[in-house]
Asks: 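Below you'll find the structure I mean.
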Amino acid sequence: MKEIYKVVDVSYKYPNGSTALENVNLNIYKNEIVAILGPNGAGKTTLLKIMNGLVFPSSGEIYFEGKKLTDEILRNKELMKEFRRKVGFVFQNPDVMLFNPTVWEEVAFSPLHLYSKEKAIEKTDETLKNMKIYHLKDRHPYNLSGGEKKKVSISCILSVEPDVILMDEPTSALDPKSRLEVMDLIRSFKDSGKTVVIVTHDLNLACLADRCYVLNKKVIFDGKVKDLFSLNLDELNLDVPDVSKLFLKLKEMGYDVDIPTTIDEAVDHLSKILPQKTKNK
């Protein structure tokens, strides 16, 4: 399996001297979804920014596709251009990414800097249609709903066809319908061969991941989402699905049950332990 990111003993201190990350080690592989969870102030967003080359570690090393990421390398115009094409970053607050007068110009901004004008127009229109927001193309981004803004910010990344998508709390502050739409998008990214790294508090979203890390300045867990329940989730300020809370309560009461993370898993488990439903005669 091709290694996309290798993070080795990475530490980061803020200018005021406080520690954001301490000796973090992790690996991200091609075409997997990885969730990074943890409480507020755990260093999750800082780690994502390091992976995107927006900041650099105080100590330790980070490699992208086998090459060490350094400030000097990203000052090289050609290398920086290639890295920015391969890696897209979706910020938690879409307003940070939106600065053009129309949605179309917003999504076209990066393609116009990377491709010919004709190809940029083609990519922009194609992305807007695929994201089902072409009807918003002439609207000002600040006159959109929260869910629409999030779709525009994701479209800005997708328009340059990145191999890797880094997402910071992609479902935060969204209504249930928009949240489900973003989750469907993330599934489609994996189906199309992309690598996705998600920072989130939401275990419903993390359930899309092949693997997850729990971060609290240091990595305190590395494994499958279903194995997270051995940790103190309340202490980590994670948003646990209600169905999982129900089964955790049953476990506390002495029932021998596995902890599901989705309704489908819960139904499957219950169908094995409950008496079979008898048909009405």
Side-chain angles (χ1 to χ4, degrees), residues 3-14 18-30 32-65 68-71 73-74 80 83-97 110 150 153-154 156-158 160 162-174 182-183 185-186 189-190 194-203 205-206 208-222 225 236-239:
E3 187 175 70
I4 301 297
Y5 277 104
K6 185 178 182 67
V7 176
V8 183
D9 293 329
V10 161
S11 296
Y12 184 85
K13 289 191 174 183
Y14 295 119
S18 63
T19 298
L21 298 169
E22 187 176 350
N23 299 119
V24 170
N25 292 274
L26 59 82
N27 305 82
I28 309 292
Y29 298 97
K30 182 177 175 59
E32 68 171 354
I33 299 175
V34 175
I36 300 175
L37 304 108
N40 292 332
K44 304 184 300 296
T45 297
T46 299
L47 178 59
L48 217 57
K49 288 179 177 178
I50 289 172
M51 295 172 71
N52 194 47
L54 295 177
V55 297
F56 292 90
S58 303
S59 63
E61 299 173 332
I62 179 165
Y63 296 85
F64 177 76
E65 295 185 335
K68 186 176 177 180
L69 276 184
T70 65
D71 190 19
I73 284 177
L74 291 185
M80 184 273 290
F83 179 74
R84 295 294 173 219
R85 192 205 64 75
K86 287 185 174 183
V87 180
F89 190 111
V90 180
F91 288 83
Q92 178 178 355
N93 180 0
D95 288 345
V96 173
M97 301 177 64
S110 292
K150 185 71 76 171
S153 66
I154 294 173
C156 292
I157 301 304
L158 295 182
V160 296
D163 300 323
V164 180
I165 302 176
L166 309 176
M167 309 185 83
D168 190 4
E169 299 284 2
T171 56
S172 67
L174 294 183
V182 169
M183 291 174 71
L185 273 174
I186 292 170
F189 296 158
K190 180 176 172 66
K194 299 186 187 301
T195 302
V196 187
V197 182
I198 310 165
V199 157
T200 184
H201 285 92
D202 185 356
L203 278 181
L205 179 58
L208 300 179
D210 300 294
R211 295 186 298 119
C212 68
Y213 290 92
V214 177
L215 190 66
N216 196 358
K217 301 188 188 300
K218 299 179 179 181
V219 172
I220 59 176
F221 176 87
D222 169 10
V225 175
L236 293 170
N237 193 30
L238 298 182
D239 187 2

Asks: Which distance, rounded to the nearest 0.5 Å, do you find between the CD of Glu22 and the NZ of Lys217?
Replies: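 If I round to the nearest 0.5 Å, the distance is 9.0 Å.
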Asks: For Glu169, what residues pass the side-chain hydrogen bond (donor to acceptor under 3.5 Å, both in side chains) criterion, not counting sequence neighbours?
Replies: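 Per chain and number, Glu169 pairs via side-chain hydrogen bond (donor to acceptor under 3.5 Å, both in side chains) with His201.
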Asks: Between atom CD1 of Ile186 and atom CD1 of Ile165, what is the distance when rounded to the nearest 0.5 Å?
Replies: 9.0 Å
Asks: Only distances under 3.5 Å count here; give the side-chain donor-acceptor pairs of residues 46-60 to other protein atoms, sequence neighbours excluded, each with its distance to 0.1 Å.
Replies:
unit_1, atom_1, unit_2, atom_2, d
Thr46, OG1, Tyr14, OH, 3.1
Asn52, OD1, Arg84, NH1, 3.4
Ser58, OG, Lys13, N, 2.9

Asks: Strictly distance-based, threshold 3.5 Å: is any side-chain N or O of Tyr213 a donor or acceptor partner for the main-chain N or O of Gly38?
Replies: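 Judged by distance alone, no pair lies under 3.5 Å.
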Asks: Evaluate the side-chain proximity of Leu166 to Tyr5: yes if any heavy-atom separation is below 4.5 Å, no if none is.
Replies: yes
Asks: Once side-chain hydrogen bond (donor to acceptor under 3.5 Å, both in side chains) is applied, do any residues pair with Glu61, and if so which ones, sequence neighbours excluded?
Replies: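 Counting only residues at least two positions away or on another chain, Glu61 forms a side-chain hydrogen bond (donor to acceptor under 3.5 Å, both in side chains) with Tyr63, Lys68.
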Asks: Going by side chain to side chain contact (heavy atoms under 4.5 Å, CB included), name the residues that satisfy it together with Ala42, two or more places apart in sequence or in a different chain.
Replies: Pro39, Lys44, Asn216
Asks: Rounded at 0.5 Å granularity, tell me how far CG in Leu205 sits from OG1 in Thr171.
Replies: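 So the CG of Leu205 and the OG1 of Thr171 are separated by 4.5 Å.
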Asks: Does Lys150 reach the main-chain N or O of Leu174 with its side chain, forming a donor-acceptor pair under 3.5 Å?
Replies: no
Asks: Using 0.5 Å steps for rounding, measure from the CD1 atom of Ile28 to the CD atom of Glu3.
Replies: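 The CD1 atom of Ile28 sits 9.5 Å away from the CD atom of Glu3.
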Asks: Which residues pass the salt bridge (Lys or Arg N to Asp or Glu O under 4.0 Å) test with Lys190, sequence neighbours left out?
Replies: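 Salt bridge (Lys or Arg N to Asp or Glu O under 4.0 Å) list for Lys190, sorted by chain: Asp210.
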Asks: Please identify each residue that fulfils side-chain hydrogen bond (donor to acceptor under 3.5 Å, both in side chains) with Thr45, with sequence neighbours left out.
Replies: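 Testing Thr45 for side-chain hydrogen bond (donor to acceptor under 3.5 Å, both in side chains), a comparison that skips the adjacent residues, returns Asp168.
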Asks: If the condition is salt bridge (Lys or Arg N to Asp or Glu O under 4.0 Å), which residues does Asp163 pass it with, not counting sequence neighbours?
Replies: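 Listed in chain order: Arg85.
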Asks: Without placing hydrogens or testing angles, list every side-chain donor-acceptor pair under 3.5 Å for residues 86-97, not counting sequence neighbours.
Replies:
unit_1, atom_1, unit_2, atom_2, d
Lys86, NZ, Glu65, OE1, 2.8
Asn93, OD1, Asp95, N, 3.0
Asp95, OD1, Lys149, NZ, 3.1

Asks: Of all residues at least two apart in sequence or in a different chain, which pass the side-chain hydrogen bond (donor to acceptor under 3.5 Å, both in side chains) check with Asn23?
Replies: none
